[in-house]
Number of protein chains: 2
Amino acid sequence: MKHVDIEQRQKKILCAIVESYIEIAMPVGSRAVSQRFRKSISPATIRNVMADLEEKELIMHPYTSAGRIPTDKGYRMYVDLLLEPKHLTKEEESLITRLINRGCEDFETLMQAVSKAICMMTDVAGIVLTPRLKRSVFKQVEFIPIDSSRILAVLITNSGLVKSAILEMEEEFTKSELLRISEFLNHELDGMFLGEIKDYLTRRLLEQGDSFYTFLKKAMYIFSIPGLLKMEDRIYFEGTTSIMACPEFKDIAKARLFLRLFEEKRDLMELFNEDMETDGIKVHIGKENSHKSIQDYTIITSNYKINDRVMGAIGAIGPTRMEYGRVMSAVSYLSSILGKVMEELG
Amino acid sequence: MKHVDIEQRQKKILCAIVESYIEIAMPVGSRAVSQRFRKSISPATIRNVMADLEEKELIMHPYTSAGRIPTDKGYRMYVDLLLEPKHLTKEEESLITRLINRGCEDFETLMQAVSKAICMMTDVAGIVLTPRLKRSVFKQVEFIPIDSSRILAVLITNSGLVKSAILEMEEEFTKSELLRISEFLNHELDGMFLGEIKDYLTRRLLEQGDSFYTFLKKAMYIFSIPGLLKMEDRIYFEGTTSIMACPEFKDIAKARLFLRLFEEKRDLMELFNEDMETDGIKVHIGKENSHKSIQDYTIITSNYKINDRVMGAIGAIGPTRMEYGRVMSAVSYLSSILGKVMEELG
DNA sequence: AATAGCACTCTAAGTGTTAGAGTGCTAATT
DNA sequence: AATTAGCACTCTAACACTTAGAGTGCTATT
């Protein structure tokens, strides 16, 4: 069928336009595309096809007589249908592995290493979310008396995350009392998600009566004090500075808007939180993003799992004009490796 | 004496030029200065004085017929002799206090709140160094067994800093053994600077002989494992984005260089570490800085003390054209208040 | 259906031109 | 002797104008 052929060619040309634009960051003319096909198609023909593509809103004109640039919709088609995955080379993978392992002793440096690795491999900014506390599984809690009114509570999760908080106590607890409470909690909460604990204890409190009640209440009091279970989710990022070399940021106002994303992390957080729920690589191109602060950029995310449990997410963000294949591969590879490293570390 | 009068006037005019330039960020002409003095001095006279100031390298010409801008040396003179301190108003101080107190429950948010406060009050970037671990005083250490090969060590300092590390043990320790070790250490190291501990234990090890030796060796082994005493000194900052609104950063390359300072923190760290040793407000103007990466900016620092001990430093960084009086007051006030808040928190 | 040819469009870069802000010098004034 | 007014001169920033060339869209041709 002729019709299929035409569609085929349109796709080929769209692909060429997108990739050319990604390379040179300037509107792509018919001439350039023709050369890309070693002149097997003439500029004039290309122009006709371009007009079609423009009608379909896959590419656009900045002004009458400039070359074309892809629209968000064009990028979308490219990513979904035309892009061939650009796997990292073995050398790159081993480079990453070395980078990650060097920083893996300590939680913080691991996060930093991963975000740095993303930006190194892709030239866009790397983002890493810490494992979400509420998705972690309770393992152990200990109470260390500091002085008469203060206790240091230490919470250890399944995945090796340690969270400590100094609790200001109104009533005094004896050492043996604390020990009993921690033993009780360690037995009772074993294997439970941190997110569930508060509800669980409240329920227990309502069911139970009499003498045990006071004890349980104390246990709950000590545990639910703000601080220990306060879900703090940090975000690490790297490469925001080097990405400003992109022509997209030649205007300083644009650059500031981009940087503000990381100072005012809310929008990013929200997006990552949503994405975390589904597996696999997710690509959000420009206006597809619901937050308008992100609508000039493309974000690529992937969740990571520790022991087959979704715990967090990593991603990359940059101008819509980015090397999709490469970034997707890098994010994908790093998310898988991050999970593994954390399992060992946990 | 006439001579004194002339010097006086030169100073007054330098002061006017500096302050005017700080205000409007454009070369200051003789006309503008004259107006600043309500025309009590004519532009022509001002011009003569300006020529003198230029000879002394306190101000300079961007080109033949532009106004003058202060040199680093000019700013220096302004700061040392001419500047009148611009104390924060009561309202501003109480605003700061509220900001700080709201975030003071948690160490991290406290640091963030302080750096944010600096940048809010001054429109330059705020920098806060965490209390240096090695200057902290040992208070208590506890060991919590996680599984057969791993122990969670929790270190509490005088100032309320809590540092934990998971120790991978080669040999197994019994619970009672761990208890003995922690009791021993708690007794032995009480009130000691963390920086001294390693040396102290080594010395003890050499002095002591026989049966106690093994025990001590174990104690030392467990304590000196990388992680627990690893001195990590973090740096918090805020306002790097909003400062880019300054005309100084209209060139994106300049902006990138500035931002890189915070990504590659080494130079900043070094400067802060030196400054920490001496009390009071320190002002480093432009080329006075030894690191050339900082030579376009002014940094103002102050150390802060917890219980009369120098523990860390805070500061502000921005273009040499900044409101010196205000920034100095803000840094000064915040450093004093930070110490106090930390004492309470500790 | 594909292409060559051509007139047309629009930008980016270069070139003058000009207004005006500011200086430096000299002569006049206090 | 110190200050100021006056004036010629300098330099920039802004604007208008021109132009080369890249690229298009259309039409006629293959």
Side-chain angles (χ1 to χ4, degrees), chain A residues 1-14 16-17 20-21 23-71 247 250-251, chain B residues 1-14 16-17 20-21 23-71 247 250-251:
Chain A
M1 302 264 285
K2 284 281 172 183
H3 194 61
V4 172
D5 277 350
I6 287 181
E7 287 230 322
Q8 282 303 352
R9 197 174 54 186
Q10 284 189 356
K11 281 178 187 168
K12 264 176 68 181
I13 288 174
L14 173 60
I17 293 172
S20 187
Y21 183 65
E23 233 174 81
I24 61 176
M26 298 185 89
V28 188
S30 53
R31 203 180 159 65
V33 175
S34 170
Q35 255 145 12
R36 235 169 207 264
F37 290 115
R38 295 199 201 90
K39 305 197 181 173
S40 63
I41 315 177
S42 82
T45 313
I46 306 253
R47 282 203 284 281
N48 286 328
V49 179
M50 278 173 157
D52 296 343
L53 290 172
E54 192 159 3
E55 213 156 295
K56 293 187 184 174
E57 297 189 321
L58 295 168
I59 56 179
M60 59 165 284
H61 256 175
Y63 50 86
T64 333
S65 143
R68 307 308 218 281
I69 64 180
T71 61
K250 71 177 191 305
D251 177 10
Chain B
M1 305 266 285
K2 284 281 172 185
H3 192 61
V4 172
D5 277 348
I6 287 180
E7 285 230 324
Q8 282 303 351
R9 195 173 56 185
Q10 283 190 357
K11 281 178 187 168
K12 263 175 70 182
I13 288 175
L14 173 59
I17 293 171
S20 187
Y21 183 64
E23 231 175 84
I24 61 176
M26 300 187 87
V28 189
S30 53
R31 204 182 159 64
V33 176
S34 172
Q35 254 144 14
R36 234 170 208 264
F37 290 115
R38 293 199 203 90
K39 302 198 181 173
S40 63
I41 316 177
S42 81
T45 312
I46 307 257
R47 280 203 287 280
N48 286 329
V49 178
M50 277 173 156
D52 297 342
L53 290 172
E54 192 159 3
E55 214 157 294
K56 295 188 185 174
E57 296 190 320
L58 294 167
I59 57 178
M60 60 165 283
H61 256 174
Y63 50 85
T64 332
S65 145
R68 307 309 218 280
I69 64 179
T71 62
K250 71 177 192 304
D251 176 11

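Letters go in sequence order (proteins before strands), and every chain restarts at 1.
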Whole-Å distance between D/dA2 P and B/Q8 CD? 17 Å
Taken to the nearest 0.5 Å, the spacing of A/I41 CD1 from A/S30 OG works out to 11.5 Å
OP1, OP2 of C/dG22 versus side-chain N and O of B/S30: anything below 4.0 Å? no
Strand contacts (DNA chain D) in residues 46-62 of chain B, 4.0 angstrom heavy-atom criterion: B/R47, B/N48
Taking atom C1' of D/dT24 as reference, at what distance in whole Å does atom CD1 of A/I17 sit? 13 Å
CD/B/Q35 to CZ/B/R38 distance, rounded to the nearest 0.5 angstrom? 12.0 Å
Value in whole Å for how far the P atom of C/dG22 lies from CE of B/M26: 9 Å
Rounded to whole angstroms, how far apart are NZ on B/K39 and C1' on D/dT3? 17 Å
Given DNA chain D, 5'-ward residue of the pair B/T64 and B/S42, judged by closest heavy atom: B/S42
A/P247 versus A/A25, closest heavy-atom pair with distance: CG-CB, 3.7 Å
Would you please confirm or rule out a distance under 4.0 Å between OP1 or OP2 of D/dA22 and any side-chain N or O of A/R68? no
Nearest-angstrom distance from the residue atom CD1 of B/I41 to P of C/dT30: 19 Å
Quickly work out the A/Y63 OH to C/dC10 C1' distance and round it to whole Å. 6 Å
Nearest-Å distance for atom pair CZ/C1', residues B/R31 and D/dT4: 15 Å
In Å and rounded to the nearest 0.5 Å, what is the CG to CD1 distance from B/L58 to B/I13? 12.5 Å
Side chain to side chain contact (heavy atoms under 4.5 Å, CB included) test vs A/L14 passes for just one of A/D52, A/V49, A/I59, namely A/I59
Could you report the tightest heavy-atom contact between A/M26 and A/Y21, atom names first, then the distance? O-CD1, 3.2 Å
At less than 3.5 Å, do the side-chain atoms of A/S65 and the base atoms of C/dT9 form a donor-acceptor pair? yes
Check every strand shown and say whether B/A44 touches a base, only sugar-phosphate, or nothing at a heavy-atom separation below 4.0 Å. base
Quickly work out the A/Y21 OH to D/dG23 C1' distance and round it to whole Å. 16 Å
Distance-minimising heavy-atom pair for A/V28 and A/M50: O-CE, 3.7 Å
